[in-house]
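Residue numbers begin at 1 in each chain, while the letters A, B, ... track the order of the sequences.
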Amino acid sequence: MRTWKDRMRHSTRGLGFVALVLIVAAIFGALEPRFLSYVSLNGIARHMAANGLAALGLTFVVIVRKFDLSIAGVAAFCAMSMGALIAAGWPLWSVILAGLALGAVIGGISGIAISRFGLPDIVTTIAVGSIGTGLAFIYTGGRSIFQNFFTSGITDLNDAKLMGLGVSMWLLVAIYALAWFVLSRTRTGLAFYATGENPMAAHFSGIATRRFVALAYVLCAMCTVLAVLLILAESGTAETNKGANLMMPAYAGVFLGAAIMGGTSVIASFGGILLITMLLDGFALMGLPYYYSDGVVSLILLIGVLAFSDGARGTLEALRFLFWPQKPTAKGSDA
Amino acid sequence: MTMTSTVKFAQSRPRGRKIARLTTDLWLVVAVIVVTLGIASQRPQLLDAVNIATVLKSFSIMVVMVLGLTWVIASGKIDVSFMQVAALSNMICAYALAQGWSWGGAIVVALLAGALVGLINGWLVASMRLPALIVTISTAGICASIAAALGKGTVIRIADPGPLEPLLQPALGGAVPMIVVPVLLIAAVAWFVQERLSFGRYIYALGQNEAAVRAVGVPVVKLTVILFVLSGVSSALAGILLASSLSSGQPMIGGPFLINGLTVVLLGGMMVRVGKPNILGTLTATLFIGVLFSGATLLGLPDFQRQIIQGGLLLTGLIVATIAASHHGARTAGQ
């Protein structure tokens, strides 16, 4: 059971996160008044929906203590596949289902290769991602697909609104709520965490750890498909480089959120991706050239991970000891 | 240390062992010869002096780029920033020359930049105990952004070909550029260090059991930092060679080298020391990939098919390595 102290610390971190988001919003709002306009906030919501879905998929993989670098490749291949199906006149729902199925198959290949056959996760997913990037060209040889896009209804995912919020944002909130429920309130979620914390102990507790690792990759690929679907809806075309910009924000969101909240979770990823999307959109609005965006995200990720790492905490403790040697260090020991 | 190379014939007589060792040591060399002959029978242009010179030039640059990476991966870490370090040093070189610097100054600054990135990577991974993937993925993004920012997103032309240019031109019968000689010399020194000095032993020991290496008193932090710095410097050197070879600084040059570099290192890890990246394997694998891609171009395969082939090769290499490692593990555990 959680003690009230745990809860207090958790909610303190949460409040700190909210404060950080508000501060960032206030700074951008002061520097560039358009940042807080309806159009801009709506744009942030739309970008956050796509980034957030990719980050959610990555959250599952990170919880089982693995990495997935195939996000860009899976996104490219599935984007072109869905584009080709739309161009072929398939109804939208079947296109989405087919895309999800394709994503699940690719994620399953990576997942089974890694969990069942023990291949190293980073390099395996890089290889799978490379194959996906190559396969994205087989439909058109690299030309973009736009036929039937406006009649298929896919753009509604981007344009339609429900109670003032975009449909994509509702999709994001619904899927995050579902994921939060599964990961924090069910036995399945506990199994994911147990698999990541200590696979051996989880195995002897009767958890099919391999199955959960594979499942994490399947879920990651399926979330990536949904993310790239929203990008297709926004641009109205399918291109081979769609989804190339999904990976860095996803990593930054997951790890920044985990660093601030003190652990990987659905809520941490949600906060992390909100912060990252605000920063990205804010800098874009202020006229920062496109080629800085990756660098900015990377820098934030690095600073965030470093600032909340054990090493940094140790340095802080050492500094405090240097200046106030008498003071008992009660806080650092339980971190 | 050589016992790792006997895999299949472990239980058989010494004579069988010898054959097995020869097979594991030389199969990639045989593959290079077979692929060369196979493609040459279809496209005799492969063995034209001009084509050989092109293959050897890109071979040299590639080897320089991944020499340091080979040891980083052998020590059980990962560095996915090497290709962007090359892009950064490439752009720094071009930028410095455009500002009126001499080639000497430009080269020194570019190398220092590579060493600095390596130092940051090494410090964050070894001292601050951050995950190597997150650290290097972030520094990669930062390097790519700085590289693009130096040229404001576009290419910087280099007017003065510089002192390295003659090295890259075909000499020795019009087929072998002089650059091959110093590159092979560096590789020979690296091979000596890896095989004969305790430094090399520590690298592989680090990959096997870091805690044990630390316990016997090896300065693990210093060693890890050195490995990352070496990786940064060697990629930076490759970036300088690219600047001279292309007579320009190309900010986007990094991307494709990621999968190339990892394929070469991991495929190379399939020979001599099975399951462990090593210098000789990296050399052979680079030659293999070089011949394969030159052949693919001559046979008229489009770029994306090469990418699929490469992903497939990387996966195959991984599968073989994993099987070999598990056989080895089972054998040592069983006896």
Side-chain angles (χ1 to χ4, degrees), chain A residues 62 65-67 69-70 72-73 109-110 113-114 117-124 126-138 141-142 240 244 247-248 251-252 254-255 259 288-306 308-312 314-315, chain B residues 73 78 80-81 84 120 123-124 126-135 137-154 251-252 255-256 258-260 262-263 265-266 302-319 321-323 325-326:
Chain A
V62 172
R65 300 281 163 94
K66 299 277 183 215
F67 291 111
L69 293 176
S70 66
I109 292 173
S110 306
I114 291 162
F117 297 105
L119 264 53
D121 53 343
I122 296 173
V123 188
T124 304
I126 287 177
V128 169
S130 166
I131 296 175
T133 312
L135 285 177
F137 286 78
I138 59 171
T240 49
M247 197 168 80
M248 269 323 289
Y251 269 89
V254 170
F255 280 89
L288 200 71
Y290 70 95
Y291 45 76
Y292 281 114
S293 71
D294 244 15
V296 169
V297 175
S298 305
L299 197 61
I300 295 165
L301 170 59
L302 208 53
I303 292 173
V305 176
L306 181 62
F308 292 90
S309 67
D310 292 340
T315 313
Chain B
I73 297 184
I78 185 92
V80 292
S81 70
Q84 301 299 1
I120 294 173
W123 174 68
L124 289 172
S127 285
M128 302 309 283
R129 305 291 196 89
L130 298 180
L133 179 73
I134 297 300
V135 169
I137 215 176
S138 307
T139 45
I142 295 168
C143 288
S145 277
I146 299 175
L150 280 175
K152 300 209 165 42
T154 57
M252 303 301 169
L258 170 64
I259 179 98
N260 274 351
L262 289 174
T263 309
V265 170
L266 288 154
D303 225 25
F304 71 87
Q305 290 186 2
R306 285 184 5 187
Q307 189 155 24
I308 299 172
I309 292 173
Q310 190 156 30
L313 269 179
L314 186 52
L315 269 185
T316 317
L318 278 177
I319 292 167
T322 311
I323 293 172
S326 72

Nearest 0.5 Å, please: how far is [atom2] in [Y] from [atom1] in [X]?
| X | Y | atom1 | atom2 | result |
| --- | --- | --- | --- | --- |
| B:L150 | A:Y291 | CG | OH | 9.5 Å |
| A:T133 | B:Q310 | OG1 | CD | 11.5 Å |
| B:I142 | A:L301 | CD1 | CG | 8.5 Å |
| B:I308 | A:L135 | CD1 | CG | 4.0 Å |
| A:I126 | B:L314 | CD1 | CG | 7.5 Å |

Exercise for review: Output all residues satisfying salt bridge (charged side-chain N to carboxylate O under 4.0 Å, His left out) with B:R129, sequence neighbours left out; order by chain, then residue number.
Suggested key: none
Exercise for review: Please flag which part of B:A149 lies under 4.5 Å from any non-hydrogen atom of chain A: side chain, backbone, both or neither.
Suggested key: both
Exercise for review: Answer with side chain, backbone, both or neither: which region of B:L315 has an atom nearer than 4.5 Å to a non-hydrogen atom of chain A?
Suggested key: both
With a 4.5 angstrom heavy-atom cut-off, could you sort out which part of [X] is near chain B: side chain, backbone, both or neither?
| X | result |
| --- | --- |
| A:Y251 | side chain |
| A:L299 | both |
| A:L69 | side chain |
| A:F255 | side chain |

Exercise for review: Could you pull out the closest heavy-atom pair between B:G141 and A:S298, with the gap in Å?
Suggested key: CA-OG, 3.3 Å
Exercise for review: Can you see which heavy atom on B:S145 is nearest to which on A:D294, and at what distance?
Suggested key: OG-C, 3.8 Å
Review point. Most heavy-atom pairs under 4.5 angstrom with chain B, which of A:V128, A:V296, A:V297, A:I122?
Key: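 Result: the option with the highest number of such pairs is A:I122.
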Exercise for review: Output the option from A:G132, A:G118, A:S293, A:S130 having the highest count of non-hydrogen pairs under 4.5 Å with chain B.
Suggested key: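 If we count pairs closer than 4.5 Å to chain B, A:S130 comes out on top.
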Review point. Which residue out of B:V80, B:I73, B:I137, B:I134 racks up the most heavy-atom pairs below 4.5 Å with chain A?
Key: B:I134
Practice item. Determine, stepwise, if the pair A:V305 / B:L124 fulfils side-chain contact (heavy atoms from CB on, under 4.5 Å). Key: CA-CA 10 Å; A:V305 176; B:L124 289 172; over 6 Å; no
